[in-house]
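Read the numbers this way: they start at 1 and go in the same order the structure lists the ligands and their atoms. All of these numbers come straight from a predicted model, not from anything done at the bench.
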Amino acid sequence: MDTDPLHGLDVKSMPKIELHAHLSGSISPTCLHEIWISKKQRDPDSAADLPDPLQELAPSKAFDLVTFFPLFSKYIYELCNDAENISYSTKSVLQDFQDDGVVYLELRTTPRLIKQAGITKEAYVQLVLSTISSFESPTMVTKLILSIDRRNSEEEASEAVDLALRYRDQGVVGVDLCGDPAKGNVDIFRSAFARAKENGLKTTIHFAEAQQSSSEHELRTLLSFGPDRIGHVIHVPDDIKEVIIERKLGLELCLSCNVKFKMTSGSFADHHFMYWKGTGCPITLCTDDVGVVGSALSNEYALIAEHFGLEPREVYELARSGIETIFGGDDEKERLRKLMWH
Ligand SMILES: [Zn+2]
């Protein structure tokens, strides 16, 4: 009897696409630890209040949506707050995805203003893009999505779209709406998303991530922005599900993140992946914040195979199903169709 839930499938070497990965949340604890050490060596005071990332982000650490967002503003951003460390950590993230068998990556990041380091939002975007372009990979293509944070003002959202348009020929492919689901009023982002779409940028939105961000009004408003893809898609009322299915929207589903942060009830087998699998919406498994969640993309496929009893053929099919929803253009889709066909 075959007791291997993967039936011999090598999920790591299987070519995969990752469409929902936040840059700062994807930095491994090991990389953050290295940055922490070098900061302490250079200036003991600079990291004095920051605990060791290997402890702060230990696998046993439990986060929920209340403790998760301050982790960025008060900790990871504090560690990666100069050009050298932003570049170093970005490179490390790219290497980790490549080592995990990712062949197409859409990283996303909120343009950061880091006053004490003299880094403007534009300089930050340039820095991330130049790090991506100098990362030589024989197999992995990386694109960038600029995120609008729910706490942003209308002007800040507009600025993110300006930057996305200005750097689209250097690898920016779209705009995202992210951030603490308990914060913000999404109505104010209508014009920013409209302008992004009018100018040919792709759009994705964190959708129904928490109960607080899943009111009928909010979800209808977000759908009226006409997103190309939506992420998480957890607390969705039936009438909204119908719209999503009718539009065949691309879905970015983040299994381990949802279970570990208790965004969904129950365990892996209770995840809404199974519901959406039967709807015809293209699904892409994504890690969201692998540095904090601790489950690589290959492991997400292993979990899916294990908990939902998918055969290797179905796992390959799932890995390919997001190709048509990538933001990287037709040539890239064609490359992936060839590469991921088994
Ligand atoms: Zn996310």
Side-chain angles (χ1 to χ4, degrees), residues 16-28 57 63-73 75-77 90 93 96-97 102 105-112 128 142-152 157 160 164 173-184 186 189 193 202-214 218-219 222 225 227-236 244 249-264 271-273 276 283-297 299-300 322 325-327:
K16 295 174 287 297
I17 64 180
E18 167 65 85
L19 302 181
H20 187 138
H22 299 268
L23 172 56
S24 300
S26 298
I27 307 167
S28 70
L57 298 172
F63 291 98
D64 57 25
L65 285 178
V66 176
T67 53
F68 177 70
F69 289 96
L71 180 71
F72 288 88
S73 51
Y75 186 62
I76 296 175
Y77 280 8
T90 302
V93 166
D96 288 347
F97 278 114
V102 171
L105 169 65
E106 285 177 12
L107 266 185
R108 58 184 73 187
T109 191
T110 311
R112 292 177 57 195
V128 173
T142 302
K143 302 291 182 187
L144 190 65
I145 294 171
L146 295 187
S147 294
I148 294 168
D149 190 293
R150 292 174 65 102
R151 291 167 303 179
N152 283 165
V173 288
V175 173
D176 163 46
L177 179 63
C178 73
D180 189 340
K183 305 268 163 65
V186 299
F189 303 124
F193 275 87
K202 298 288 188 180
T203 57
T204 179
I205 285 175
H206 282 64
F207 191 88
E209 191 178 5
Q211 290 286 6
Q212 305 98 301
S213 62
S214 302
E218 165 153 347
L219 298 184
L222 293 176
F225 294 176
D228 298 285
R229 295 197 311 249
I230 48 179
H232 291 296
V233 205
I234 301 171
H235 305 280
V236 189
I244 294 169
L249 286 180
L251 308 179
E252 306 155 357
L253 300 186
C254 312
L255 209 71
S256 289
C257 161
N258 294 167
V259 172
K260 185 164 183 183
F261 297 157
K262 299 191 169 43
M263 295 155 70
T264 51
H271 193 269
H272 49 290
F273 162 77
W276 290 109
I283 292 173
T284 309
L285 294 187
C286 302
T287 54
D288 206 3
D289 295 288
V290 61
V292 185
V293 179
S295 172
L297 188 58
N299 191 53
E300 295 297 288
T325 71
I326 68 163
F327 293 170

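- Partners of F207 according to the ring-ring contact (aromatic ring centres under 6.0 Å, His included) rule, which considers only residues two or more places apart in sequence or in another chain, do not exist here.
- Distance SG/C254 to CZ/F273: 13.0 Å, rounded to 0.5 Å.
- By the criterion of a separation under 2.8 Å, the protein N/O/S atoms near the Zn ion (ligand 1) amount to H20 NE2, H22 NE2, H206 NE2, D288 OD1.
- By the side chain to side chain donor-acceptor pair (under 3.5 Å) test, H235 pairs with Q211, sequence neighbours left out.
- With sequence neighbours excluded, the residues that form a side chain to side chain donor-acceptor pair (under 3.5 Å) with K183 are D180.
- Side-chain atoms of H20 do not come within 3.5 Å of backbone N or O of L251 as any donor-acceptor pair.
- Residues F189 and F225 keep their aromatic ring centres 6.0 Å or farther apart.
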